[in-house]
Every structure is written in structure tokens, then in C-alpha cells.
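Please read the structure below before turning to the comments.
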Amino acid sequence: MKPFTENVIRIIKQIPPGKVMTYGQIAKFAGSPRGARQVVRVLHSMSKKYNLPWFRVINSKGEIAIRDEETLAAQIIFLEEEGIEIENKSIDLKKYQYHPE
DNA sequence: AGCTTGACTGTGG
DNA sequence: ACCACAGCCAAGC
């Protein structure tokens, strides 16, 4: 598997409950600063197989970017259960964004 | 090999 | 705060 994919998986698994990361941020830490879209791809193909907390990944505006209604609803529930406040799909990044070392 | 398609992003109006 | 535009990169046809 590509190093990038492995990195993405490892980084996402590091996100603690109650925190979130953005696609671009993950891409950057994974070694591809412009690879936000690839992060999306990894989530699609690997989230189940590797049991990833995909719901802790949102876009740079601090909003949930999912198109599918059911999946979206599920994500909101997961996040709220971890104590994250969500205002109509949007999250306060200042407050909940995770910053790895 | 060329084109389309995303759970994206930063900039500018 | 909202919208339009232009980069971005890999996978699927």
C-alpha cells in the first residue's frame, strides 16, 4: 500500500474522541499538502476495513461535507455523543480541531 | 491516453 | 457570510 494511504490511516486513528481534523490538515501531515481529495478517497475505501473514526474528519470550513443524508445524520450523532456542539452541520474548529505534534 | 468525478482548499469579490 | 473560480490528485471508464 502507498505510504500516503498508510499515513492517512495512522493519522486518523490518532484523532482523540471529542476532536476533529480537516481533510487538508490530514493530507498535509500524511505528506501530500494538496492531497485533500485523496484523503477523501482513503476514507471511502478504508474506513470500514480499518475501523477508522471517519466521522472526526470534516472540511476546512468546519462543516460536515457529506452528501448522503443518512451518513450525515449518523456523523452528527457520533460527534454530539462525544461532546461536540454542531450548529446545522457546522462545528467550531477553534474549539474542537485536533493539532497533532 | 484523455475525460470526468469527488465527504477539498485558498483567494477574491 | 455567500458565491464563483481555479488549483489539486488519484481512481474509474
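In this structure, A:Met46 atom CE and C:dA11 atom C1' are separated by 12 Å, rounded to whole Å. For A:His44 and C:dG12, the NE2 to P distance is 12 Å, given to the nearest whole Å. In this entry the distance linking NZ of A:Lys89 with P of C:dA1 reads 16 Å, nearest Å. If you measure from atom CE of A:Met1 to atom C1' of C:dA10, you get 15 Å, rounded to the nearest angstrom. In this structure, A:Leu43 places its CG atom 15 Å from C1' of C:dA11, rounding to the nearest Å. Spacing between atom NZ of A:Lys2 and atom P of C:dC9 amounts to 12 Å, rounded to whole angstrom units. One interatomic measurement links the two molecules: CZ of A:Arg41 to C1' of B:dG6, which rounds to 7 Å at whole-angstrom precision. Rounded to a whole Å, the NZ atom of A:Lys48 is 15 Å from the C1' atom of B:dA7.
Counting heavy atoms from C-beta outward, A:Ile58 and A:Met21 have side chains that stay 4.5 Å or more apart.
Closest approach of A:Arg56 and A:Pro16 over heavy atoms only: CD-O, 3.7 Å. The shortest non-hydrogen separation linking A:Ala27 to A:Ala36 is CB-N, 3.6 Å.
Using a 4.0 Å cut-off between charged nitrogen and carboxylate oxygen, A:Lys95 and A:Glu85 count as a salt-bridge pair.
Rounded to the nearest 0.5 angstrom, A:Glu63 CD and A:Lys89 NZ are separated by 8.0 Å.
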Per-nt protein contacts along nucleotides 8-13 of chain B (heavy atom under 4.0 Å; B base, S backbone sugar-phosphate only, - none) come out as BSS---

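Going from the C1' atom of B:dA1 to that of C:dC13 covers 12 Å, rounded to whole Å.
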Exercise. Check the pair A:Lys28, A:Arg34 against side chain to side chain contact (heavy atoms under 4.5 Å, CB included), reporting the backbone distance first and the verdict last.
Key: CA-CA 7 Å; A:Lys28 191 175 71 176; A:Arg34 307 298 167 202; over 6 Å; no

